[in-house]
Amino acid sequence: MGTESPTNYSYMGHNFSDDSSSSAFSDCNSDRSGEFQTAPSQTRRFLIACATENSDDLIHQLVRDLTSCSIDEQKQAAMEIRLLAKNKAENRVKIAKAGAIKPLISLISSQDLQLQEYGVTAILNLSLCDENKDVIASSGAVKPLVKALNTGNSTAKENAACALLRLSQLEENKGIIGRSGAIPLLVNLLENGAFRGKKDACTALYSLCSVKENKVRAIKSGIMRVLVELMADFESNMVDKAAYVASLLVSVPEARAAVVVEGGIPVLVEIVEVGTQRQKEIAVAILLQICEESVAYRTMVAREGAIPPLVALSQSGTIRVKQKVKS
């Protein structure tokens with residue numbers, strides 16, 4: 001299955017490259033939730049381990065505690081692993097080699113929402129290490145992460161979206177994640193999540209939708225309606241991100257039709273008129289792709305009053321914008 005570069009556009013034999021798309025997305029890093037409270041009896045050993053180079057003994061003990069019969073011990077172990085993986089990059093490899101990944105994945109399926117959150121967050125932090133991504137995916141993390149995306153609390157959902165994003169950076173995982181049912185849940189988070197959830201979902205969808213099968217899944221999940229609404233809301237701080245995802249999707253005919261049905265053309269024309277320079281550039285790229293093979297769509301764009309702002313942009317925009325408009 002081929003993948004497409006999300007920053008390349010072709011129109012009437014002209015190729016355009018937009019390197020600014022990556023700056024619209026801040027990659028999901030380690031979890032951004034508040035620090036968990038450590039039990040008093042655990043605090044001293046934990047601080048000592050964080051302050052010293054040799055945390056191996058603690059790590060192995062924590063991995064054993066992940067399979068304890070006590071849910072409180074499991075929570076404490078998952079919390080400390082999450083913090084060790086967040087604060088020290090070298091610990092991510094140590095924790096994985098100590099065998100933490102499979103028991104943490106088991107915790108993600110817990111009925112206890114807090115324990116589920118701790119498991120998700122620890123896996124997210126471990127996934128920041130490229131060496132761990134394949135191990136996490138091959139150990140069966142995708143389906144439990146998708147479950148957390150569906151049933152978890154708000155933090156678990158956000159961190160699950162980030163973890164899936166990290167795993168999707170391996171091309172072979174994109175289709176696996178899409179087939180696991182993640183796409184509709186990410187679209188739901190994009191629509192209904194808090195601001196952080198929207199950003200994380202949008203970034204994950206941007207990565208996953210570089211493959212055609214996930215584009216189709218996203219479109220069937222109603223993503224275009226959500227993207228058009230976000231692009232129309234200049235107060236949302238999501239215009240750029242939503243527009244870049246839309247630009248990735250409109251390479252397939254189903255997406256172009258969906259943009260039109262959801263009222264996207266007047267929204268894109270408005271962005272060309274009043275958006276930032278970057279927003280104008282991506283809106284032009286989307287309009288070009290929509291119009292490329294459809295006289296009817298070109299007529300609709302013209303009727304929405306796109307010609308005057310496009311002409312103005314061709315005279316005052318950057319060289320890249322001028323090329324796009326004039327082509």
Side-chain angles (χ1 to χ4, degrees), residues 4 6-7 9 11 18 20-21 24-25 161 182-210 212 214-294 296-307 309-310 313 321 324-325:
E4 300 173 18
T7 56
Y9 310 99
Y11 180 66
D18 189 349
S20 62
S21 63
F25 296 95
I183 302 294
L185 297 172
L186 288 168
V187 172
N188 183 64
L189 184 60
L190 178 63
E191 180 176 16
N192 299 310
F195 181 59
R196 180 196 158 189
K198 290 179 185 293
K199 290 199 303 181
D200 293 344
C202 204
T203 308
L205 286 163
Y206 184 77
S207 175
L208 289 167
C209 288
S210 65
K212 184 176 180 180
N214 286 339
K215 287 181 172 69
V216 174
R217 291 188 179 98
I219 295 158
K220 289 181 177 179
S221 300
I223 192 173
M224 276 305 176
R225 175 182 55 79
V226 181
L227 293 175
V228 169
E229 289 175 357
L230 291 172
M231 288 189 292
D233 183 3
F234 284 88
E235 301 299 318
S236 69
N237 291 319
M238 289 291 296
V239 175
D240 297 54
K241 293 177 177 63
Y244 277 116
V245 176
S247 72
L248 192 61
L249 294 171
V250 292
S251 63
V252 297
E254 299 95 327
R256 295 194 287 273
V259 171
V260 175
V261 169
E262 299 297 345
I265 288 179
V267 171
L268 291 164
V269 172
E270 183 181 14
I271 292 174
V272 174
E273 291 176 332
V274 301
T276 66
Q277 194 65 34
R278 183 165 68 178
Q279 291 166 358
K280 291 178 179 182
E281 290 187 16
I282 193 63
V284 168
I286 296 171
L287 286 170
L288 287 174
Q289 291 184 84
I290 291 172
C291 293
E292 184 172 2
E293 297 177 357
S294 174
Y297 291 167
R298 288 197 289 271
T299 302
M300 292 177 69
V301 170
R303 286 177 178 171
E304 288 296 335
I307 303 304
L310 287 172
L313 197 58
V321 172
K324 290 180 181 180
V325 173

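Keep in mind it's a predicted model, so treat the numbers as computed, not measured.
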Chemist: Check whether Glu281 reaches the backbone of Arg278 with its side chain - one donor and one acceptor, N or O, closer than 3.5 Å.
Modeler: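 Flag not set: sc Glu281 to bb Arg278 has no pair under 3.5 Å.
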
Chemist: To the nearest 0.5 Å, how far apart are CG in Leu185 and CG in Leu190?
Modeler: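 Reported value, rounded in 0.5 Å steps: 12.5 Å.
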
Chemist: Does the side chain of Asp200 come within less than 4.5 Å of Leu186's, by heavy atoms?
Modeler: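 In short, these two side chains do not touch, never coming nearer than 4.5 Å.
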
Chemist: Kindly state each residue pair satisfying salt bridge (Lys or Arg N to Asp or Glu O under 4.0 Å) with at least one member in residues 253-266, sequence neighbours excluded.
Modeler: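 Listed by first then second residue: Arg256-Glu293.
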
Chemist: Where do Tyr297 and Ile265 come nearest, in terms of heavy atoms and distance?
Modeler: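 In this case the closest contact between Tyr297 and Ile265 is O-CD1, 4.4 Å.
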
Chemist: Give, for atom CD of Gln289 and atom CD1 of Ile286, the distance between the pair rounded to the nearest 0.5 Å.
Modeler: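 Rounded to the nearest 0.5 Å, the CD-CD1 separation comes to 7.5 Å.
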
Chemist: Show the nearest heavy-atom pair for residues Leu248 and Ser210, with the distance to one decimal.
Modeler: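 Of all heavy-atom pairs spanning Leu248 and Ser210, the closest is CD2-N, 4.0 Å.
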
Chemist: If you look at every heavy atom in Ile271 and Ala283, which pair is closest and at what distance?
Modeler: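 So the two residues come closest at CG2-CB, 3.7 Å.
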
Chemist: Only distances under 3.5 Å count here; give the side-chain donor-acceptor pairs of residues 221-234 to other protein atoms, sequence neighbours excluded, each with its distance to 0.1 Å.
Modeler:
unit_1: Ser221; atom_1: OG; unit_2: Arg217; atom_2: O; d: 2.8
unit_1: Arg225; atom_1: NH1; unit_2: Glu191; atom_2: OE2; d: 2.9
unit_1: Arg225; atom_1: NH2; unit_2: Glu191; atom_2: OE1; d: 3.3
unit_1: Arg225; atom_1: NH2; unit_2: Glu191; atom_2: OE2; d: 3.3
unit_1: Asp233; atom_1: OD1; unit_2: Glu235; atom_2: N; d: 3.1

Chemist: Give the minimum heavy-atom separation between Lys280 and Gly275, together with the two atoms involved.
Modeler: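 So the two residues come closest at CE-O, 3.0 Å.
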
Chemist: Is the backbone of Leu208 close enough, under 3.5 Å, to the side chain of Asn214 for a donor and an acceptor to pair up by distance?
Modeler: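 Yes: the side chain of Asn214 pairs with the backbone of Leu208.
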
Chemist: With a 3.5 Å distance limit and no angle check, can you tell me whether Ser207 reaches the backbone of Ala204 through a side-chain donor-acceptor pair?
Modeler: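 Answer holds: no.
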
Chemist: How far apart are the closest heavy atoms of Lys215 and Val252, and which atoms are they?
Modeler: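 Closest pair (atom of Lys215, atom of Val252, distance): CD-CG1, 3.8 Å.
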
Chemist: Is there a side-chain contact between Ile282 and Asp240 (heavy atoms, below 4.5 Å)?
Modeler: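 SC-SC contact between Ile282 and Asp240 ruled out.
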
Chemist: Can you find a pair of side-chain heavy atoms, one from Cys209 and one from Leu249, that are under 4.5 Å apart?
Modeler: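 A side-chain contact under 4.5 Å exists here.
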
Chemist: How close do Cys291 and Val301 get, heavy atom to heavy atom, and via which atoms?
Modeler: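 Closest approach of Cys291 to Val301: SG-CG2, 3.4 Å.
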
Chemist: Look only at the side chain of Lys241 and the backbone of Cys202, and say whether a donor-acceptor pair between them is shorter than 3.5 Å.
Modeler: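 Side chain of Lys241 to backbone of Cys202, a donor-acceptor pair under 3.5 Å: no, none is there.
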
Chemist: Give the C-alpha distance, both sets of side-chain angles, the deciding distance and a yes or no for side-chain contact (heavy atoms from CB on, under 4.5 Å) between Leu288 and Val284.
Modeler: CA-CA 6 Å; Leu288 287 174; Val284 168; 4.1 Å; yes

